[in-house]
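In what follows, a single structure is set out as C-alpha cells and then discussed.
Here is the naming used below: chain letters follow the sequence lines, and residue numbers restart at 1 for every chain.
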2 protein chains.
Amino acid sequence: MSTHVTDHALGQSRYGKLAQALRDRILQGEWGPGEPIPAESALAQSYGVALGTIRQALALLVEDGVLQRRHGKGTFVTTGVDGASMMRFFRFRGPDEASSRTPASRILSSRLRSASVQECHAFQLAPGAQVLQLERLRSLNAEPCLLESIVLPLPLFGPLADSDSQTWDDLLYPMYQQRCGVVIQKTQDTLSFSQLNATQAKRLKLAVAHPCVLVERQAFDIAGRCVELRTTRGDAYSFKYTAQVQ
Amino acid sequence: MSTHVTDHALGQSRYGKLAQALRDRILQGEWGPGEPIPAESALAQSYGVALGTIRQALALLVEDGVLQRRHGKGTFVTTGVDGASMMRFFRFRGPDEASSRTPASRILSSRLRSASVQECHAFQLAPGAQVLQLERLRSLNAEPCLLESIVLPLPLFGPLADSDSQTWDDLLYPMYQQRCGVVIQKTQDTLSFSQLNATQAKRLKLAVAHPCVLVERQAFDIAGRCVELRTTRGDAYSFKYTAQVQ
DNA sequence: GAGTGGTCTAGACCACGAC
DNA sequence: TCGTGGTCTAGACCACTCT
C-alpha cells in the first residue's frame with residue numbers, strides 16, 4: 001500500500017510519472033530533436049511496467065507535442081514548430097498565384113538592451129538582465145507583408161547576438177535550433193486590431209493609419225519556458241484565419 | 001481470418017466500428033443530449049469485446065465531442081456548443097466592468113426565401129428549397145455590439161419559422177435544441193476584416209466604413225451535417241482572440 | 001525476416017460519486 | 001455499499017517499414 005501512497009504523494013498515476021521521467025530525459029538531451037527514443041517494449045522492460053502503461057505515458061507526451069509516433073518506424077522527439085507558423089493568420093495574394101511560399105526575411109535592426117519588467121517576468125530573468133531586440137521585415141515577391149519586433153533572452157541567444165544578421169536564415173525557428181539549441185515547441189498568439197504608425201506604414205509600404213492585425217506571440221521551448229516574445233503587424237485586409245470550436 | 005478481411009473491407013479497426021455503431025445509436029436518439037449511455041462493462045458484454053476495446057471506441061467519440069466521461073458517474077451524450085461561443089472572438093468593454101455576460105438578442109427581421117446555390121450545397125438541399133433568414137442584433141449594457149445574418153434550412157427549423165421571434169431566447173443554440181431538436185456539436189469560423197456599410201454602421205451605432213471583424217460560421221449538428229450559416233460583424237477594435245499553435 | 005508501433009484480450013484492483 | 005470510470009498487468013497477434 002505504501003507504493004500507492006507514494007504515487008499519490010507525487011500527485012499522479014504511474015504512467016504520469018513515467019511521462020515526466022521520459023520528458024526529463026528528453027530535456028536533458030538524451031535524445032535530440034528528430035531522434036528516436038527506445039522501443040515501447042524496451043522502455044516497458046527497463047521501467048518494469050506493462051506495455052500498456054508505457055503506451056499511456058507516451059500518449060501523454062504525444063498529445064503534448066513532445067513526441068511523434070510513426071507506425072513501423074519508432075517514436076521520435078519533435079523537431080518543433082516550423083518557422084512559417086505566422087503565415088497561418090494571413091493570406092497574401094501577390095501579382096502571380098502560388099504565393100504561399102515562405103516569406104523572405106530582412107533584419108532591419110539588432111541591438112542589446114536591458115529587459116523590461118514584463119520581459120524579466122516572461123523569461124524568468126533577474127532584473128536588469130540583457131535581451132536581444134530585433135526588427136524584421138518579411139516579404140513575398142519582393143513586397144513587404146509582415147513587420148516584426150522580436151525579443152530574445154540572453155545568454156540563451158548569445159550565439160545570435162555575436163553573429164552577423166545578414167547571414168541569418170528566412171526562418172528563425174530552425175535557426176534557433178541550429179545555432180542556440182532552442183527548439184520551439186508551441187506558441188500562444190493573441191490577435192487584435194490596430195492601425196499603423198508612420199514608421200510601420202513606411203516599412204510595409206502602406207498608408208499611415210492603415211488598419212493592421214497585431215499578433216502578440218509568446219513562444220515556448222520543449223521545457224515549457226518562454227524563450228521568445230514577438231509582435232507582428234500585417235495588413236488587416238490580408239488577414240484570414242479559421243478556428244474550430246469544440 | 002474472414003473476420004479480419006471484413007474488418008478491413010469496412011476500413012477500420014474493431015474499436016472504430018464500435019465507435020461508428022455507438023454514434024449511430026446516439027444519432028437515432030437512443031440516448032438524448034445529457035443522458036448517460038450504458039456502462040463500459042455492459043457495452044463490452046453486449047458487443048462481446050474486451051473492456052479495453054470499448055474504451056478505445058468511447059475515447060474516439062469523446063475526442064470528437066460526442067461523448068463526455070465523468071469519473072464515478074458515467075458516460076454522457078454531449079449537450080452541444082453553448083450559444084455564447086461567438087464571444088470568444090471579442091472583448092467588449094462597457095462603461096462598467098464585468099461586462100462578460102451573455103449579450104441580449106433582438107431579431108431585426110425574419111423571412112423565408114429560396115436557398116442560394118451555395119446554401120443548397122452546404123445544407124444538402126434540393127435546388128429551390130426554402131431557408132429561414134434572420135437578421136439579429138446583440139447588445140451588452142444596451143449598447144449594440146454584434147450584427148448577425150443567420151440562414152437556417154427548412155423544414156428542419158420549421159418550428160422557428162412558425163413562431164414569434166419576440167419570444168426567442170438570447171442564446172440560439174439551446175433554443176435550436178429545445179424547439180427543433182438540433183444539437184450544435186461544432187462550428188467552423190473564418191475570421192477576416194472588412195468595413196461596415198451604411199446599414200450595418202447605423203445598426204451598430206458606428207461610422208460608415210468603420211473597420212469590423214467578419215466571422216463566417218458554419219455550424220454542424222451531432223451527425224456532422226451543416227445546419228446553420230451565420231455571418232457576424234463586430235467592431236474591429238473589440239476583436240481579441242488567442243490561438244495556440246502546436 | 002526483424003523490429004517497430006497498433007490492436008485486442010481477460011482479467012485485477014483503485015478512485016470517485018451517489019445512496 | 002454499490003456502480004461508475006481509471007489504472008495496470010501479461011500476454012497474443014496484426015500492420016507497417018526497412019534491409
Whole-Å distance between D/dC16 P and A/Phe76 CZ?
-> 17 Å
Roughly how many Å is it from CG in B/Leu60 to P in C/dG6, rounded to a whole number?
-> 14 Å
Those residues that, when tested against B/Arg70, pass salt bridge (charged side-chain N to carboxylate O under 4.0 Å, His left out) (two or more places apart) = none
Shorter than 3.5 Å, N or O on both sides, protein versus nucleotides 2-4 of chain C: list them out with atom names.
| unit_1 | atom_1 | unit_2 | atom_2 | d |
| --- | --- | --- | --- | --- |
| C/dG3 | N2 | A/Gly72 | O | 3.0 |

Distance in angstrom units between A/Ile54 CD1 and D/dT7 P, rounded | 15 Å
Quick one: B/Gln68 CD to D/dT4 C1', roughly how many Å, whole number?
-> 16 Å
Quickly work out the B/Gln56 CD to C/dG6 P distance and round it to whole Å.
-> 11 Å
Rounded distance in Å - CG (B/Leu58) to C1' (D/dT7) | 16 Å
Does the side chain of B/Glu216 pick up a donor-acceptor pair with the side chain of B/Thr231 at under 3.5 Å?
-> no
Nearest-angstrom distance from the residue atom OH of A/Tyr47 to C1' of D/dC8 | 18 Å
Picking from C/dG5, D/dT7, C/dC8, the nucleotide nearest the side-chain atoms of A/Arg69 would be C/dG5
Are there more than 12 heavy atoms of other residues, nucleotides or ligands under 6.0 Å from atom CD of B/Gln244?
-> yes
Counting side-chain heavy atoms from C-beta on, which of C/dT9, C/dT7, D/dT7 comes nearest to B/Tyr15?
-> C/dT7
Name the closest nucleotide to the A/Arg55 side chain, picking from C/dG5, D/dA10, D/dT7.
-> C/dG5
To the nearest angstrom, how far is B/Leu51 atom CG from D/dG6 atom C1'?
-> 11 Å
Is any side-chain N or O of B/Arg14 closer than 4.0 Å to OP1 or OP2 of C/dG6?
-> no
What residue pairs, at least two apart or across chains, pass salt bridge (Lys or Arg N to Asp or Glu O under 4.0 Å) with a residue in residues 162-188 of chain A?
-> A/Asp64-A/Lys186
What residues form a salt bridge (charged side-chain N to carboxylate O under 4.0 Å, His left out) with B/Glu40, not counting sequence neighbours?
-> B/Arg55, B/Arg69
Applying salt bridge (charged side-chain N to carboxylate O under 4.0 Å, His left out), name anything that partners A/Glu35, two or more places apart in sequence or on another chain.
-> none
Determine all donor-acceptor pairs shorter than 3.5 Å in which one atom belongs to a side chain in residues 77-92 of chain B; sequence neighbours excluded.
| unit_1 | atom_1 | unit_2 | atom_2 | d |
| --- | --- | --- | --- | --- |
| B/Thr78 | OG1 | B/Gly80 | N | 3.0 |
| B/Asp82 | OD1 | B/Ala84 | N | 3.2 |
| B/Ser85 | OG | B/Arg217 | NH1 | 3.1 |
| B/Ser85 | OG | B/Arg217 | NH2 | 3.3 |
| B/Arg88 | NE | B/Ser85 | O | 3.2 |

